[in-house]
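Treat the numbers as computed from the prediction; the structure is a model and nothing was measured.
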2 protein chains.
Amino acid sequence: MDEKLQLKSQVCFPIYSLSRKIINSYRPFLEELDITYPQYLVLMVLWENELQTVNQIGEKLNLDSGTLTPLLKRLEAKTLICRSRRRSDERVVEITLTDNGKALKEKAAYVPEKVMEAIGITREDMEDLKRIVTKVLNRSK
Amino acid sequence: MDEKLQLKSQVCFPIYSLSRKIINSYRPFLEELDITYPQYLVLMVLWENELQTVNQIGEKLNLDSGTLTPLLKRLEAKTLICRSRRRSDERVVEITLTDNGKALKEKAAYVPEKVMEAIGITREDMEDLKRIVTKVLNRSK
DNA sequence: GAAAATAAAATTGTGCACAATATAATGGTG
DNA sequence: CACCATTATATTGTGCACAATTTTATTTTC
């Protein structure tokens, strides 16, 4: 029992640590764009497809309205997105990028590379990591 | 640029997702013990060494006082730990386990297995994952 | 077509993370 | 021994996560 309850025996603690470390590595670069990591994720989803509902964004990022509603309001306050109720179904809130939000994509383009560099991870390790993490993520759906 | 800013191209998003997924898998089991995942981490540190300062716990978990102080107060409120200033140096707060805190170790013993089972990860994938994640974590210190 | 079921967001409340600052105690240094 | 730097924790404020509930709109069913 002792052994299994040791921090070094756990697999989740390193993942939790790495996740935080990576997000912290993003911080200085994203601060230049005046956004946070979760906000960056939402913008990435929108850069791929300009118009999306709160639900669609939530499904892609596994985030619920309790997280997204205030986050989206902050992005709106920064004039990066617009929130508006769909005419044909007033329950749905549609999110679109503003010109500012679209323009930010250019500035964000260099971020992933910079972060990889800051973390000091090789492309090979990155691929390894991605492969195994994705495998485990999919297995446990 | 487009390619690099796609969610599926990122390595950090899967890690962030997996971290959250694992913590969520812990949730039902830890709820039975009436603790959260970060509280569980702190208790694990204490189960390995009964007396530790706030600083020592923070170094092991990479958490600062802004996170730990309120968390430790909650653990104290649950009567799982004691917080007391060190006599010889009043700046230091020493954390010790109460009998309740010690006793909880028995109940927590089965948790890691249950979580691995819940996630559906094989022992082999777990070892793979741990190896590569730890490698990247250490490289980027 | 009204009542019930369903669906989409929003709200509320708790608990991390983390930056920035504050408070208080200790340890040099001149 | 007074001053200053350092150390340890606490506090404040912002922004996620997430459970639980609420609100409002739509769809289904009788």
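For the OP1/OP2 pair of C:dA9 and a distance below 4.0 Å, the side-chain nitrogens and oxygens of A:Asn55 include at least one atom meeting the criterion. Contact annotation: B:Tyr16 does not reach the phosphate of D:dC16 (side-chain N/O to OP1 or OP2, under 4.0 Å). Within the 4.0 Å cut-off from OP1 or OP2 of C:dA10, at least one side-chain nitrogen or oxygen of A:Arg85 is found. For the OP1/OP2 pair of D:dC16 and a distance below 4.0 Å, the side-chain nitrogens and oxygens of A:Arg74 include at least one atom meeting the criterion. For A:Thr67, no side-chain nitrogen or oxygen approaches OP1 or OP2 of D:dA17 to under 4.0 Å. Close to C:dC16, at under 4.0 Å from its OP1 or OP2, lies a side-chain N or O of B:Gln39. Using a 4.0 Å cut-off, no side-chain N or O of A:Asn24 falls inside it from OP1 or OP2 of C:dA17. Put simply, A:Tyr37 has no side-chain N or O that comes within less than 4.0 Å of OP1 or OP2 on C:dA17.
B:Lys102 places a side-chain heavy atom less than 4.5 Å from the side chain of B:Glu50.
No contact: B:Ile23 has no heavy atom under 4.0 Å from any strand. Counting any heavy atom pair closer than 4.0 Å across all strands shown, B:Arg83 reaches sugar-phosphate atoms only and no base atom. Using a 4.0 Å heavy-atom cutoff across all strands shown, A:Thr36 reaches sugar-phosphate atoms only and no base atom.
Among the nucleotides D:dA19, D:dA17, D:dT9, the one closest to the side chain of B:Arg20 is D:dA17. Listed nucleotides C:dA17, C:dA25, C:dA8 differ in distance to A:Val92; the shortest reach to its side chain belongs to C:dA8. When distances are taken from the side chain of A:Val54 to each of D:dC18, C:dC18, C:dA9, the shortest belongs to C:dA9. Distance from the side chain of A:Arg27 is smallest to C:dC18 among D:dC18, C:dC18, C:dA25.
Each of A:Glu94 and B:Asp64 was matched to the nucleotide of DNA chain C holding its nearest heavy atom; the match closer to the 5' end belongs to A:Glu94. The nearest heavy atom of DNA chain C to B:Pro70 and to A:Glu31 marks one nucleotide each, and the one closer to the 5' end goes with B:Pro70.
Note: NZ (B:Lys73) to P (D:dT9) measures 13 Å, nearest angstrom. A:Ile22 places its CD1 atom 13 Å from the P atom of C:dC18, with the value rounded to the nearest Å.
Between A:Thr98 and A:Thr79 the shortest heavy-atom distance is OG1-O, 2.7 Å.
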Review point. Please walk me through it: do A:Tyr16 and B:Leu41 pass side-chain contact (heavy atoms from CB on, under 4.5 Å)?
Key: CA-CA 11 Å; A:Tyr16 156 83; B:Leu41 290 179; 3.5 Å; yes

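The aromatic rings of B:Phe29 and B:Tyr110 lie perpendicular to each other, with more than 60° between the two planes, well past the 30° mark.
In this structure a side-chain-to-backbone donor-acceptor pair under 3.5 Å is missing from A:Lys60 to A:Val45. The backbone N or O of A:Thr67 lies less than 3.5 Å from a partner atom in the side chain of A:Asp64, making a donor-acceptor pair.
A donor-acceptor contact under 3.5 Å is not formed by the side chain of A:Ser65 with the base of C:dA8. No hydrogens or angles were tested; on distance alone, a donor-acceptor pair under 3.5 Å links the side chain of B:Arg91 to the base of D:dT7.
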